[in-house]
Peer 1: 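Sharing a structure below in structure tokens format, with a few things to ask.
Atoms within a ligand are numbered from 1 in the order they appear, just like the ligands themselves.
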Amino acid sequence: MTSGRSDSPSIGVFDSGLGGLTVLRALIDLLPHEPVVYFGDTGRFPYGPKPPEQVRAYAHQIADVLVASGVQMLVVACNSAASVALEELQDRLDIPVVGVVEPGVRAAVQATRRGRIGVIGTVNTIASGSYQRAVAAAAPPGYTLTCCACPGFVEFVENGDVDSDQVHVLAERLLAPVRDAKVDTLVLGCTHYPLLARTIADVMGRDVVLVSSADETAFEVRALLDAGARTPRTDGAPARTFVTSGDPHTFAALGARFLGPEVGTVVPWNWNRR
Ligand code: DGL
């Protein structure tokens, strides 16, 4: 990735690894002509079990890299980072910064039939209280909320395993609290989890609506573009850049599987040489 401001306004999207590609997919589908830069911090994943201060520092570092590359909007496509750093990033940067927690909660509030909402996420996300606060602000009176952390899910996804017996066994164990709480709607409060949707749906049963923040986040980005100085682009083949701090070959292979053909060359990023 080159440094310095690009002539081509673009949206920067980041996650600890591949999970944010679920948000990028929705963005590309909604805004197919918008140039994007995706940064997957695969070399330092997972964020979920790390101390919040460390994740906060990572989020600021990546935001600075993306801003220096010329992005005009930032999407924190990582619940763990958004839960601990979104407000700071919004205060510090002079470009719009969009998170994934509020959009996911909006989608859940629209989807729930009986107000029985569940949220699953990383240890960091659940411990931060971000979903508890966002649901309290948006949910109808009388709702119930059950939150549970799912340590281990992200590692399976980053290894390309989304439906093995092992991940199924783990899902049976980790999802027991939300299943026992008889939630009717389950927020996938980690951007990696939509990639496990089939396994999670098998365990939760067909009556439970699984909600991801991806589409709502993309709508928020479009609304911000509409409200800003320019309208979303409607033609042209946009530049799409992929950057990883991990192994670019693995990222390219799994990225193509999880996102699609849009993943071309993946640019390596080495934090130690900066
Ligand atoms: N995909 C991320 C999230 O939404 C990060 C997961 C991790 O690195 O632990 O929380």
Side-chain angles (χ1 to χ4, degrees), residues 12-27 38-63 74-86 89 97-105 107-108 118-132 134 147-162 167 170-171 174 186-197 199-200 210-218 220 242-247 250-251 254-255 258-259 271:
V13 181
F14 79 86
D15 178 46
S16 67
L18 297 156
L21 294 177
T22 57
V23 177
L24 185 63
R25 180 72 268 154
L27 271 173
Y38 183 91
F39 192 108
D41 200 9
T42 321
R44 306 193 296 193
F45 103 97
Y47 285 4
K50 293 203 166 72
E53 314 77 62
Q54 194 170 3
V55 175
R56 203 173 286 130
Y58 289 172
H60 281 282
Q61 254 183 333
I62 298 169
L74 188 64
V75 179
V76 184
C78 171
N79 290 267
S80 308
S83 292
V84 298
L86 182 68
L89 291 170
V97 184
V98 177
V100 279
V101 174
E102 274 77 15
V105 168
V119 177
I120 53 173
T122 67
V123 170
N124 248 328
T125 297
I126 301 302
S128 75
S130 59
Y131 273 97
Q132 293 87 329
C147 294
C148 79
C150 294
F153 273 178
V154 168
E155 289 81 347
F156 272 101
V157 173
E158 291 286 333
N159 286 323
D161 178 356
V162 293
V167 72
L170 182 67
L174 294 175
L186 183 65
V187 182
L188 307 179
C190 168
T191 54
H192 283 73
Y193 296 176
L195 300 165
L196 296 168
T199 297
I200 294 171
L210 303 186
V211 168
S212 105
S213 54
D215 288 336
E216 273 294 318
T217 304
E220 187 167 329
F242 295 84
V243 186
T244 180
S245 60
D247 175 38
T250 307
F251 189 96
L254 288 174
F258 292 150
L259 180 81
W271 288 117

Peer 1: Only one of Gln61, Gln54, His60, Arg56 clears side chain to side chain donor-acceptor pair (under 3.5 Å) with Tyr58; which?
Peer 2: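 Checked Gln61, Gln54, His60, Arg56 against Tyr58; only one passes side chain to side chain donor-acceptor pair (under 3.5 Å): Gln54.
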Peer 1: Is it the case that the side chain of Glu102 and the backbone of Ala134 share a donor-acceptor pair, with hydrogens and angles ignored and the cut-off at 3.5 Å?
Peer 2: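 No, Glu102 side chain to Ala134 backbone: no donor-acceptor pair under 3.5 Å.
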Peer 1: At less than 3.5 Å, what protein N or O atoms come close to the N or O atoms of ligand 1? Include the distances to 0.1 Å.
Peer 2:
from     : atom 1 : to     : atom 2 : distance (Å)
ligand 1 : 1 (N)  : Asp15  : OD1    : 2.9
ligand 1 : 1 (N)  : Thr191 : OG1    : 2.9
ligand 1 : 1 (N)  : His192 : ND1    : 2.7
ligand 1 : 4 (O)  : Asn79  : N      : 2.7
ligand 1 : 4 (O)  : Asn79  : ND2    : 3.1
ligand 1 : 4 (O)  : Thr191 : N      : 2.8
ligand 1 : 4 (O)  : Thr191 : OG1    : 3.3
ligand 1 : 8 (O)  : Ser16  : OG     : 2.6
ligand 1 : 8 (O)  : Tyr47  : N      : 2.7
ligand 1 : 9 (O)  : Tyr47  : N      : 3.2
ligand 1 : 9 (O)  : Gly48  : N      : 2.7
ligand 1 : 10 (O) : Asn79  : N      : 3.4
ligand 1 : 10 (O) : Ser80  : N      : 3.0
ligand 1 : 10 (O) : Ser80  : OG     : 2.7

Peer 1: Please lay out, stage by stage, how His192 and Asp15 fare under the test side chain to side chain contact (heavy atoms under 4.5 Å, CB included).
Peer 2: CA-CA 9 Å; His192 283 73; Asp15 178 46; 3.1 Å; yes
Peer 1: Is a side-chain N or O of Asn124 found less than 3.5 angstrom from the main chain of Lys50, in a donor-acceptor match?
Peer 2: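 At least one qualifying donor-acceptor pair exists.
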Peer 1: Hey, is the main chain of Ser83 close enough, under 3.5 Å, to the side chain of Ser130 for a donor-acceptor pair?
Peer 2: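 Answer holds: no.
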Peer 1: Check whether any side-chain N or O of Gln132 sits under 3.5 Å from a backbone N or O of Ile126 as a donor-acceptor pair, and report yes or no.
Peer 2: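 Answer holds: yes.
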